[in-house]
Amino acid sequence: MPKQFKIFSTLLGLFLACVSYTSTLPKADLIVENAVIWTGNSEQSSAQAMAILADTILALGTIADLQKYKGEHTVVKDMTGKFITPGFIDAHVHLMMGGNALLSVELRDATTQQEFVKRIADYTKTLAPGAWVLEGNWDHTLWGGELPKKEWIDVFTSENPVVLYRLDGHMVLANSLALKIAGIDEHTPAIEGGEIVKDAHGIPTGILKDNAMNYLLAKIPPMTVPQKEKALKAAMTYLLSNGVRSVHDVDSIGTYPIAKKLKEANELSVRIYAINPLNHWDKRNDTFKNTDKWLKTGALKGFMDGSLGSHTAVFVADYSDKAGDRGFFINDKKDLKKWISKADKKGLQVLVHAIGDDANHVLLEIFETVGKENGPRDRRFRVEHAQHLLKEDISKFGSLDIVVSVQPYHVIDDGRWAEELIGAERIKTTYAFKSLIEENVTVAFGSDWPVAPASPILGIYAATTRRTLDHENPEGWIPEEKITVLQALNAYTKNAAFASFDEQEKGTLEVGKLADFVVLSDNLLKVTPAAIKNIEILQTYVGGKLAYIKK
């Protein structure tokens, strides 16, 4: 056989083999191309195009690489050079509360007493007598720091009970009608782990803190199923518009059955990790442990203390503006250890809210003790907030493999007033993101919505600039704790996925993972940190399906 013919035969065979191989490759349902894709995967950090089959990533690479995945029915979308990231994961939201807040009076940006009162009065006019006025999320620091009083609103709300949260969720304002319904008056005794604020004559002002809120919250009629569905749908629409396609719902006792119902009707558009209260560790039902790519459970959340703004966070030393006040523990420390240990033995993940430096210190001791007593396993204990830390405790988060779930927007919000409460020295280890990362701690980002906007873009801006909302810190509040955009992106994607044991399914854009991604107006990795807040969410995809598009 002539040599030329042998060469031709070999080449023909290779060609036919390639054709045969290409023809047997699965064909994508969707290919997005001409994009700048940040994958979050260190082994393939960027790509021009991505092929998707059903809800899963089929391939990533150059536009040429992905031609072989095009079929007769493949939809091809030209992203015109836009920047794509993995879909954002918000590791700390109050989902039902947030959805309900979207449908209620909005007080978050009321900057004066007059505006605060007017909004409540105007909203109450739209309600039938007897209907409750809820949520609100007010911030008294915006009008100088005076706590609101029931007298401010009683004249406008005489026929409607009012229970409005401070934005941190650890304090409410109630009007006289609501206090009457709850049986709260000058004779109501003090409660451990809470406070009924009273005036000089012993009369309740309408402000209830932490456990004292339970007197009143127990009297609020439960939301109906239609009301919950409406709130959850509103929440999902809002989250998708911010590029958030997965959330860790940290008080999900009322969310799970509604989310399950929507899932069964194919109406769930955001993936939910539903987290139940830690003090219910002994409940035995299917909502405590299940795995599903849309609706997952298996975690419990508890509380050490309250919040800085409410003076209910626990510190080793007194508050700087109130001698003798160190805050208070919401739960007995022995009870917390028992609940954490029992839940851990059941194989459940445990998350605990801790704000003050003493609350964090005690919690680390409990986690360390429980880990030793129950034996080694991949438990991923989480501290929610970890806002104010003793310097010597920062390294312990890393040595104990604790996941720290923090909310960067709080930095630029609390930075306006926090130093007045705890002084210049303790401020140095407040929201210590960089220090924690340098100790190899897994730092996951969230929003605490509706306490703060559920916007990862604003969160990344806050973490990288630390510019407070009052514009008083142009170089950053505690600037040595600023982190890079890449670190912030990781915190909102793969670290947040790790925080819920989901790193095999989401958090990065890789072959075999869920096709959840976000299209942005600008390249996060190229704009200056100060310009990040202006970046827009153009599109959000969940499972390869377009779930949001900016109009």
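Predicted, not measured: the structure shown is a model, and the values here were computed from it.
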State, to 0.1 Å, how close A462 and P408 come at their nearest heavy-atom pair, and which atoms those are.
CB-O, 3.3 Å
Do the non-hydrogen side-chain atoms of M50 and T39 ever get within less than 4.5 Å of each other?
no
Look only at the side chain of W449 and the backbone of H94, and say whether a donor-acceptor pair between them is shorter than 3.5 Å.
no
So do K261 and E229 actually touch side chain to side chain, heavy atoms under 4.5 Å?
yes
I'd like to check M96 versus M223 (side-chain heavy atoms, cut-off strictly below 4.5 Å). Are they in contact?
yes
V406 and F433: CA distance, side-chain angles, deciding distance, side chain to side chain contact (heavy atoms under 4.5 Å, CB included) verdict:
CA-CA 8 Å; V406 295; F433 303 157; 3.5 Å; yes
Polar contact flag, side-chain donor to acceptor under 3.5 angstrom, T255-D249
yes
Is there a donor-acceptor pair under 3.5 Å between the side chain of N242 and the backbone N or O of V244?
no
Verify side chain to side chain contact (heavy atoms under 4.5 Å, CB included) between L300 and W339, making sure each step is shown before the conclusion.
CA-CA 10 Å; L300 301 172; W339 298 339; over 6 Å; no
Do D90 and Y492 pair up side chain to side chain, a donor and an acceptor below 3.5 Å, judged on atom types alone?
no
Would you say the side-chain atoms of S45 pair up with the backbone N or O of S42, donor to acceptor, closer than 3.5 Å?
no
When you compare the side chains of D78 and N34, does any donor N or O come within less than 3.5 Å of an acceptor on the partner?
yes
Do W38 and V36 make a side-chain contact, defined as non-hydrogen atoms from C-beta onward lying under 4.5 Å apart?
no
Crowding at NZ, K77 (>12 non-hydrogen neighbours, <6.0 Å)
yes
Distance alone, cut at 3.5 Å: any donor-acceptor contact between the side chains of E481 and S435?
yes
Is there a donor-acceptor contact under 3.5 Å linking the side chains of D448 and H410?
yes
Check ion pair D516-R245 (N to O, under 4.0 angstrom)
yes
Can you tell me if R466 uses its side chain to pair, donor with acceptor, with the backbone of I412 under 3.5 Å?
no
Taking side chain as C-beta onward, heavy atoms only, is I31 less than 4.5 Å from V75?
no
Strictly distance-based, threshold 3.5 Å: is any side-chain N or O of S104 a donor or acceptor partner for the main-chain N or O of A101?
no
If only atom types and distance count, is the side chain of T464 paired as donor or acceptor with the main-chain N or O of I483 below 3.5 Å?
no
Which is it for Y409 and Y461 under the ring-ring contact (aromatic ring centres under 6.0 Å, His included) test, yes or no, and what are the steps along the way?
CA-CA 8 Å; Y409 187 88; Y461 165 79; 9.0 Å; no
Would D55 and K293 satisfy salt bridge (charged side-chain N to carboxylate O under 4.0 Å, His left out), going step by step from the backbone distance to the final call?
CA-CA 11 Å; D55 64 353; K293 62 187 175 184; 2.6 Å; yes
Search all heavy atoms of S269 against all heavy atoms of V542 and return the closest pair with its distance.
O-CG2, 3.7 Å
Can you tell whether the side chains of K296 and E505 come within less than 4.0 Å, N to carboxylate O?
no
Could you measure the distance from the NE2 atom of H73 to the NZ atom of K27? Nearest 0.5 Å is fine.
12.5 Å
With a 3.5 Å distance limit and no angle check, can you tell me whether K482 reaches the backbone of E475 through a side-chain donor-acceptor pair?
yes
If only side-chain N and O atoms count, and only distance matters, is there a donor-acceptor pair under 3.5 Å linking H248 with R382?
yes
Does R380 qualify as a cation-pi partner of F501, given the criterion of NZ or CZ under 6.0 Å from the six-membered ring centre and within 45 degrees of its axis?
yes
Is it true that, when you exclude E480 itself, more than 12 heavy atoms of the residues, nucleotides or ligands shown sit nearer than 6.0 Å to its CD?
yes
Tell me if a side-chain donor or acceptor on T540 pairs with a main-chain N or O of L240 at a distance below 3.5 Å.
yes
Derivation of the side chain to side chain contact (heavy atoms under 4.5 Å, CB included) call for I537 and F88:
CA-CA 11 Å; I537 305 295; F88 296 122; 4.3 Å; yes
Where the side chain of E106 meets the backbone of R108, is there a donor-acceptor pair that is under 3.5 Å apart?
yes
Contact check, side chains of F381 and L400, non-hydrogen atoms, under 4.5 Å
no
Using salt bridge (charged side-chain N to carboxylate O under 4.0 Å, His left out), reason through R166 and D139 one step at a time and then give a plain yes or no.
CA-CA 6 Å; R166 186 184 184 273; D139 180 2; 3.7 Å; yes
Closest approach of L30 and G544, non-hydrogen atoms and distance?
CD2-O, 3.7 Å
Could you check if a side-chain atom of Y273 sits within less than 4.5 angstrom of a side-chain atom of T297, using non-hydrogen atoms only?
no
Test: R379 and D344 ion pair at under 4.0 Å:
yes
How long is the gap from NZ on K342 to CG on L348, to the nearest 0.5 Å?
13.5 Å
Yes or no on side chain to side chain contact (heavy atoms under 4.5 Å, CB included) for L524 and D522, after CA distance, side-chain angles and deciding distance?
CA-CA 6 Å; L524 263 172; D522 299 273; over 6 Å; no
Pairs satisfying ring pair (Phe, Tyr, Trp, His ring centres under 6.0 Å), at least one member in residues 514-551, at least two apart:
F517-Y541
Please report the interatomic distance NE2(H92) to CD1(I275), rounded to the nearest 0.5 Å.
8.5 Å
Can you name the nearest heavy-atom pair linking A59 to L66, along with the distance?
O-CD2, 3.9 Å
Would you check if there is a donor-acceptor pair between the side chains of E384 and S405 at a distance under 3.5 Å?
yes
V518 and G243: which non-hydrogen atoms are nearest, and at how many Å?
CG2-O, 3.3 Å
Rounded to the nearest 0.5 Å, how far does OG of S46 lie from CG of L509?
11.5 Å
Under 3.5 Å, is there a donor-acceptor pair linking the side chains of S246 and K506?
yes
Stepwise side-chain hydrogen bond (donor to acceptor under 3.5 Å, both in side chains) check, T508 with K513:
CA-CA 8 Å; T508 59; K513 289 191 176 183; 2.6 Å; yes
Is N495 reaching over with its side chain to a backbone N or O of V443, donor-acceptor style, under 3.5 angstrom?
yes
If only side-chain N and O atoms count, and only distance matters, is there a donor-acceptor pair under 3.5 Å linking S521 with K82?
no
Where A497 and G507 come nearest, the two heavy atoms and their spacing
CB-CA, 3.8 Å
Is D251 salt-bridged to K301, cutoff N-O under 4.0 Å?
no
Side chains of F367 and I402: does their closest heavy-atom pair fall under 4.5 Å?
yes
Taking atom CG of L436 and atom CZ of F397, what is their separation to the nearest 0.5 Å?
6.5 Å
How about K70 and Q67: does a side-chain donor come under 3.5 Å of a side-chain acceptor?
yes
With rounding to the nearest 0.5 Å, note down the distance linking CG in N360 to NE2 in H353.
9.0 Å
